[in-house]
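Report on the structure given below.
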Amino acid sequence: MDHFLYKGGILHAEDVPLPQIAAKVGTPFYIYSTATLTRHYQLFKDALDGVPNLVCYAMKANSNQAVLKTLAGLGAGMDVVSGGEYARAKAAGVPGERIVFAGVGKTRADMRAALEGGIRQFNVESEPEMRALSEVATSMGTTAPITIRVNPDVDARTHEKIATGKSENKFGVPVARAREVYAEAARLPGLEVVGIDVHIGSQLVELAPFEQAYLKVAELTRVLRADGHDIRRLDLGGGLGIPYTRSNEAPPLPTDYGALIKRCVAGLDVEVEIEPGRLIAGNAGLLVTSVIYLKEGEGRDFLIVDAAMNDLIRPSMYGAYHDMEPVVQAAPGVARQPFDIVGPVCESGDTFAKQRDLTPMRAGDLMAFRSAGAYGAVMASEYNTRPLIPEVLVKGDHVAVIRPRPTFDEMINRDIVPEWV
Ligand code: LLP
């Protein structure tokens with residue numbers, strides 16, 4: 001459920017009609033709903049009620065400071081994957097003890113910054129990384145809390161580009177080698193083992209792969225405890241999928257996911273951490289765009305819109321589906337017809353949808369792409385010297401631009417022409 005509903009035939013973000021925002025900020029733009037962000041975070045909290053837990057929002061999904069502050073204010077922790085994300089989390093006021101640091105390529109500078117600013121744990125992904133962290137922490141006279149990310153070799157049954165839990169993926173250490181790696185972790189100075197980490201992929205639409213992975217982690221918890229390690233936290237990653245089509249998709253709900261987690265960790269007396277990103281932000285955001293031209297092609301009609309692949313790359317990168325709707329609904333009874341919805345970028349890959357049935361649209365009409373709150377703005381680029389599009393946050397009838405559109409001059413003036421050119 002989200003808070004983007006039609007009222008009187010006009011799509012609203014909470015209490016605000018989208019045409020009003022479009023008139024103010026211009027198109028294209030991203031718009032987020034505070035009520036939906038809050039609701040989705042709360043669903044996870046409720047689902048894990050009864051087990052000690054920390055919901056660490058995977059901020060790679062949407063890391064705007066206003067979004068982070070909204071979630072941090074509710075008590076969320078953050079899952080960060082770079083020095084930049086760490087700095088963003090801190091800037092949003094998230095205390096170090098609520099930040100977990102993931103990623104296969106943490107640099108020594110990242111490690112130092114996090115140890116200085118405070119960190120709940122590093123999720124270590126390899127032995128070389130573990131040795132580097134040991135050196136950095138020791139040189140700073142401190143101790144780094146760690147989990148080791150294990151790779152359970154489970155098929156997440158999702159898009160190959162976002163599956164992470166198979167042995168062929170670059171992530172984690174194989175479960176079969178975990179004892180060895182934990183033994184080395186215990187020997188190395190400057191490290192304190194606090195738990196185990198796992199994450200098998202994103203946009204999972206079934207619970208079974210989670211269950212397979214979590215049962216392996218539960219078993220490993222027992223084995224590692226018997227080896228003398230103090231496994232007190234399990235970071236179970238993110239990945240719960242969302243419905244991208246309103247009509248025919250029903251991925252498992254956070255309640256079912258929470259119940260599964262509780263079953264898998266029953267009797268272990270551990271603190272659970274989860275790292276959801278997409279489920280919190282995805283359906284809390286829309287991309288609003290205008291039709292520039294209706295172009296009648298050979299046997300197909302193109303709606304050329306002012307958003308492009310640089311603004312929302314998911315369709316061209318993953319073949320992802322996003323629901324698309326007119327902001328102003330057509331009169332009842334108007335027939336739908338197929339359109340190809342494309343952007344202005346000079347690549348055929350700049351296609352958002354092919355042969356999508358929509359009520360007739362004309363130049364100047366507004367369209368909304370749904371489920372664009374996660375992995376939308378954060379993956380945008382300035383390809384074709386198209387400015388990053390604004391982000392807007394709504395709460396009830398409050399509207400705020402939370403990232404303005406840069407001017408062409410601002411973009412151009414970032415370049416430096418050496419005097420010898
Ligand atoms: N934890 C780790 C270690 C991750 O790698 C990820 C996502 C998450 C948590 C959050 O997963 P989520 O709950 O959002 O599924 N750009 C792609 C998605 C990439 C996901 C990468 N890792 C897309 O647009 O579909």
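Small disclaimer: the values here were computed from a predicted structure and weren't measured. Just follow the structure's listing: the first ligand is 1, and inside any ligand the first atom is 1.
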Derivation of the side-chain hydrogen bond (donor to acceptor under 3.5 Å, both in side chains) call for Ser33 and Glu14 = CA-CA 7 Å; Ser33 153; Glu14 303 195 18; 2.7 Å; yes

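- Nearest to atom 25 (O) of ligand 1 by heavy-atom distance, out of Lys161, Arg278, Met379, is Arg278.
- Below 4.0 Å from some heavy atom of Ile162 lie the following atoms of ligand 1, by number and element: 17 (C), 18 (C), 19 (C), 25 (O).
- The protein non-hydrogen atom at the shortest distance from atom 17 (C) of ligand 1 is Tyr318 OH, 3.1 Å.
- Ring orientation note: the planes of Tyr32 and Tyr30 are close to parallel, at an angle under 30° on the 30°/60° scale.
- Taking CE of Met309 as the reference point, atom CG of Asn384 lies at 8.5 Å (rounded to 0.5 Å).
- Both tests pass for Arg356 against the ring of Tyr321: distance under 6.0 Å to the centre and angle within 45° of the axis.
- Protein heavy atom nearest atom 21 (C) of ligand 1, with residue, atom name and distance: Lys60 CD, 3.8 Å.
- In Arg179, the CZ atom is not crowded: 12 or fewer heavy atoms of neighbouring residues, nucleotides or ligands sit closer than 6.0 Å.
- From Ile313, atom CD1 reaches atom OH of Tyr383 across 10.0 Å, with rounding to the nearest 0.5 Å.
- Nearest heavy atoms, Thr138 versus Pro189: OG1-O, 3.6 Å.
- The shortest contact between atom 24 (O) of ligand 1 and any protein heavy atom is with Arg314 NE, 2.6 Å.
- The option from Tyr244, Tyr375, Tyr57, Phe171 that lies nearest to atom 20 (C) of ligand 1, judged by heavy atoms, is Tyr375.
- Where the criterion is an N or O separation shorter than 3.5 Å, residue side chain and backbone included, Ala102 fails it with respect to ligand 1.
- Of all the atoms in ligand 1, the ones that sit under 4.0 Å from a non-hydrogen atom of Pro276 are 13 (O).
- For ligand 1, the atoms closer than 4.0 angstrom to any heavy atom of Arg149 are 3 (C).
- Atoms of ligand 1 found under 4.0 Å from any heavy atom of Asp79 (numbered from 1 in listed order, with element): 1 (N), 2 (C), 9 (C).
- With hydrogens left out, the protein atom closest to atom 15 (O) of ligand 1 is Ser202 OG, 2.4 Å, a heavy atom.
- Of the candidates Ala58, Gly172, Gly239, Ala320, the one placing a heavy atom closest to atom 13 (O) of ligand 1 is Gly239.
- Atom NZ of Lys7 has more than 12 heavy atoms from other residues, nucleotides or ligands within 6.0 Å.
- No more than 12 heavy atoms of other residues, nucleotides or ligands lie within 6.0 Å of NZ in Lys395, so this atom counts as exposed by the packing criterion.
- Summary of contacts: the protein heavy atom closest to atom 8 (C) of ligand 1 is His199 CE1, 3.4 Å.
- Interface of Gly277 with ligand 1, defined as ligand atoms under 4.0 Å from a residue heavy atom, comprises 12 (P), 13 (O), 14 (O).
- Here the CG-CD distance, from Leu71 to Gln42, works out to 11.0 Å after rounding to the nearest 0.5 Å.
- At the top of the distance list for atom 3 (C) of ligand 1, counting protein heavy atoms only, stands Glu275 OE1, 3.5 Å.
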